[in-house]
Each structure stands twice: as C-alpha cells, then as structure tokens.
Amino acid sequence: MGRAKLCSNAGAPHGDRLPLVRLGFVLGACVLCAVGLVGFKLFGNAQDASATSAADPYEGLFAPAQPSGDPGQVNDEGRHGRSKDDDSRSQRRRHGSRPDESSPRGRLLAQFYDRPFYVYPQVGDIGDIEVLATMISSRQDAGDNPRLLMGSSELSYIDPMASHPSRFFGEHNYGIDTVQVGKAGYQSLWQAMELGALDQADAVPDRKVALIVGMQWFMGDGCTTESFLNSFSEDAYRRFMENPRISEQSKEVLRSRALELGKGETELNALAPRTLSERIDAGFEDFVSREQDEGAVEQALQDNVAIPEGRFADRAVPDWDEEFARARAEGARACTTNDAGVYDEYFEEYYKPWLEGAQSQEKPERFVAWSQKELEDFKLFLQVCREVGVEPLIVIMPVKASYYDYTAYDRESRQLYYDLVRGACDELGVDYADYSGFEDDTYFMRDVMHLGWEGWLHVNRDLMEFFEAGEQA
C-alpha cells in the first residue's frame, strides 16, 4: 500500500437598560484597570525578563526556516524531516471549569459544555470562538482526546463513508478524535484568523493542527470577496488581533487583506480597540450584538450530536489492511454506474454530462496563473502557527485526474500547483502529507475534488502518526 510523503452588526440599544449596562461596563473596566496596575507593579519586571528570554528568534514576516539537519531528508515512513520548534509556551486548555450559569451567556455556554458537538460544528459554533473552546474543553473533561483538523467542504459529514474522520475516529477509540473546523469557501486567510483566535482562547489541543489544503483555493485570484465576507467572524478577528503572541506584522497582513476583500476600515478599527474607552465601547457593542446572534448559536446547539459510546471503549489499533479492503468494497457499492470511482448520484447528474461535452470539444489552454494572493494567505497561516507555537501538518489533497485532465488544469498545470504548496512548506520548515501521487487511484476521491473511501484512510493514518508523535515520550 503506497504512503503519502508526509513531508454580525451591532444592534440598537433597547429601553432604559442602556445607561445601566454601559455603566456596568465602565465600572467593571475601572476595577480591572486597578487590578492590572497592581499586577503590573508586582510582576512587571519578571514578565519583562521572561519576554526577553523567550523572544522569537524569527524576525520579520515569513522568516526563512532554520531546520536542524537536512530539510530534504526523508525517513523510512516517508515523512519529511523538518525541524519542529520546541516552544516553551506549549500549554493545554484548563479542564474542570464548567461555565458559570449566572448570566444568559453563561447558561448558553453551559449547554454546549453539557452537549458538545461530535459530528461537525455548525456555522454558529465556528463563528463563536468561546462556544468552540467550551466544546473542546468539555470533550477533554469527558475523557475524549480531540485534535484540531481544519479545512473546507471535505470536512462535511458524509454518510455512509466509514473512513470519514467523524466516523473513523468518532465511533472507535483509536487514541485521538478530531475537531473538524471549516466550511465550503473557508480558505487560507480564514484559517489563519481562526487559528490565531483559537490560540488566544487556549483552545488548540496539544498545540498541533492539521490543515487540508484544496487546489480550488488557488484558482483565479484566490479568496473571493463573497467567500471571505460569508466566512468572516467578528469574534475571531477581534481575538486574533488581541493575541499577544501574534506579531504586529502578521496582524497588519490580515487587516490589509480584510480591507481588500470588503471589510470596512471603521468596522475593523472597532474590532481592534487599543485605548481603554475603545475597549469599553467594543465590549458594550459585543454585548448588544450577541443577543442577535443567539438564534444561530441556539440552532447550532440543536444540531449537535452527542459523542458516541465507541469513543470511550477500550483503546484499539486499526487493522489497516482490513480497513482498506472495507473502503474499496464500500467505494465499489457507491460507484455502480462508472469505473471512474465517482459516486453514482454525482456521476449521473454532473460528471457524465460534462464528460460527454468535454470529449467533443477542444481542450482549453493550460492554466498557469495560480493565485499568489492565496499563496501569501497560506504563508500567513504557516507564520501564525510559528508565532503562537502550534505545530502544523499540511495535507496536500489531490483531485480526480480523469476529470481535470480534460480541463485547463491538466497534469502539468497541477504540478505547478503542487510545487507551489510544497515550496511554501519547505520555505517555512513545515511538515506536509503529499497525496498528489494518488490522482489516478479509483477510490481515493469520491467525486472530482473531495476525499473518498480510500483517500480518508490514508489521511487518517497520517493524522494518527502526526498527532500521536511524542505522546509516549
């Protein structure tokens, strides 16, 4: 069996409560300020010394990697031997702290703590970092061992694929489970913002993250205004900007790209307050706007599915030969109308009509202008990982060759794309799992762009190796 080379608008105030609410924020801020001043006097010198000793050795955005050993060396398992920063800031989320139910917000968070998502977080979950962090903490407190897996539409829960990580890890105890964060249209820039926000909330388990990168992200001009505005989260942006581990350079890159993609300067300034009065106003606006967002979050709560009992069974080890045989059989049952490894409904509705037309037309000119903007967004994600001390694994996902060979994105064009992503990983010294060599495997993809029965098994196996590395040390 081949292995991959691992190498919301603020609402209007209501009634007479407005002055009281604002007064409460002011008084609370004053108390916090006083406490902060005392803390600064007592501990400021020690923190300054600590900050000096733990200074980031990489100065400047997208600093070149400084690997130990040969960066091109490949070990017996096929993983690139990249350097891994031994970050002394590594930390785990504190457990055992169920949200205080004395406020409406606290009661809502307590519901998410009692019923964390299992299958796939909804948009209301992803856009609210506190909700997502609460559910991650709850799963850990319950004895689960979640790990952060980011991507886009391929993360959608697709039944009956037994190899999809929601089922493969969720229905068995293989030592880890996945927190799958991402939706269709969520690309590198969003991933960078979300990761920085989750780190600020101390919600990156074991300080590791795997990101599945899609070729479609790099087509055209990269992330579109529509996609970015649809995925933009005020909460995530604010937390990213408040994260002290993220450099001002990285924050400015995110801010500039957000402006370029349609966010207003006034809005972004309000989400990144610097003065005390601005923080009070921002906190007040956030309080008011949350009332309007509760509907989406409540719906997300209703959509959550409890963690299956299989997660708490005795730990098992996958029989990979058996799993791959099962995946091939499952793929064959899903693809009875074609031999391309495309599931029947998709083949009949999309693939077959398209193929008949493509074969009778002249092949379009080869595409070579892969998006440099998306590339820089991708590098921003990698840089944020470095700055906050999170170890990434980049999953380079292939496509269905039998489809793309008839398009402008032919094999030579796709090789340019794969080289682009690998080059960025090499530049910043990041491990990657390269599946570009599986484009012709029948059941690796389920359609032209989403991982299929065997494809997910390959990814699962490498995720286990990545996330469990060092746990026994």
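Along the sequence shown, residues are numbered consecutively beginning with 1.
- With sequence neighbours excluded, the residues forming a salt bridge (Lys or Arg N to Asp or Glu O under 4.0 Å) with E323 are R326, listed by chain and number.
- A pairwise comparison of heavy atoms in F312 and G143 identifies CE2-C, 4.0 Å as the closest pair.
- For the atom pair CD of E242 and CD of Q200, the computed distance is 6.0 Å after rounding to the nearest 0.5 Å.
- Judged as a salt bridge (Lys or Arg N to Asp or Glu O under 4.0 Å), and not counting sequence neighbours, the contacts of K373 are D221, E260.
- Side chains of S153 and S156: a donor-acceptor N/O pair is absent below 3.5 angstrom, by distance only.
- Using a cut-off of 4.0 Å between Lys/Arg side-chain N and Asp/Glu carboxylate O, R239 and D199 are scored as not salt-bridged.
- One finds the CG atom of L393 at 13.5 Å from the CE atom of M150 (value rounded to the nearest 0.5 Å).
- Here the side chain of R107 pairs a donor or acceptor atom with the backbone of E101 at under 3.5 angstrom.
- A tilted orientation is assigned to the rings of H458 and F438, their planes being inclined by 30° to 60°.
- In terms of the side-chain hydrogen bond (donor to acceptor under 3.5 Å, both in side chains) criterion, residue partners of D100 (sequence neighbours excluded) are, by chain and number, S102.
- There is no side-chain donor-acceptor pair under 3.5 Å between E252 and S250.
- Here D344 pairs with nothing under the salt bridge (Lys or Arg N to Asp or Glu O under 4.0 Å) rule; sequence neighbours left out.
- Ring pair H172/Y174 is parallel by interplanar angle, where below 30° counts as parallel and above 60° as perpendicular.
- Partners of E226 under the side-chain hydrogen bond (donor to acceptor under 3.5 Å, both in side chains) rule, at least two apart in sequence or in another chain, do not exist in this structure.
- Partners of Y403 under the ring-ring contact (aromatic ring centres under 6.0 Å, His included) rule, at least two apart in sequence or in another chain, are W354.
- Using modelled atom types, one finds no donor on one side chain facing an acceptor on the other under 3.5 Å when comparing Y237 with E267.
- The pair D431-K208 does not meet the salt-bridge criterion, since no charged nitrogen lies less than 4.0 angstrom from a carboxylate oxygen.
- Here D447 pairs with H450 under the side-chain hydrogen bond (donor to acceptor under 3.5 Å, both in side chains) rule; sequence neighbours left out.
- A heavy-atom distance below 4.5 Å is not found between the side chains of P392 and L211.
- Residues E376 and R257 are not paired through a salt bridge, judged by the lack of any N-O separation under 4.0 Å between the basic side chain and the carboxylate.
- Closest approach of Y418 to E439, counting heavy atoms only: OH-OE2, 2.6 Å.
- Atom OH of Y350 has 12 or fewer heavy atoms from other residues, nucleotides or ligands within 6.0 Å.
- Taking CG of L132 as the reference point, atom CG of D128 lies at 8.5 Å (rounded to 0.5 Å).
- In this structure a side-chain-to-backbone donor-acceptor pair under 3.5 Å is present from D319 to E322.
- With hydrogens and angles disregarded, no donor-acceptor distance shorter than 3.5 Å links the side chain of K379 to the backbone of A424.
- For W456, the ring-ring contact (aromatic ring centres under 6.0 Å, His included) test picks out H164, with sequence neighbours left out.
- In this structure, the side chain to side chain contact (heavy atoms under 4.5 Å, CB included) partners of Q187, at least two apart in sequence or on a different chain, are W217, C223, E374.
- Here Y343 pairs with Y346 under the ring-ring contact (aromatic ring centres under 6.0 Å, His included) rule; sequence neighbours left out.
- Among residues two or more places apart in sequence or in another chain, the side-chain hydrogen bond (donor to acceptor under 3.5 Å, both in side chains) test is passed with N173 by none.
- Ring geometry, F324 versus W320: the interplanar angle falls from 30° to 60°, so the pair is classed tilted.
- Scanning for salt bridge (Lys or Arg N to Asp or Glu O under 4.0 Å) contacts around E349 gives an empty result, with sequence neighbours left out.
- With salt bridges taken as basic N to acidic carboxylate O contacts below 4.0 Å, one links R315 and E468.
- Checked by atom type and distance alone, the side chain of R386 never pairs as donor or acceptor with a backbone atom of V430 at under 3.5 Å.
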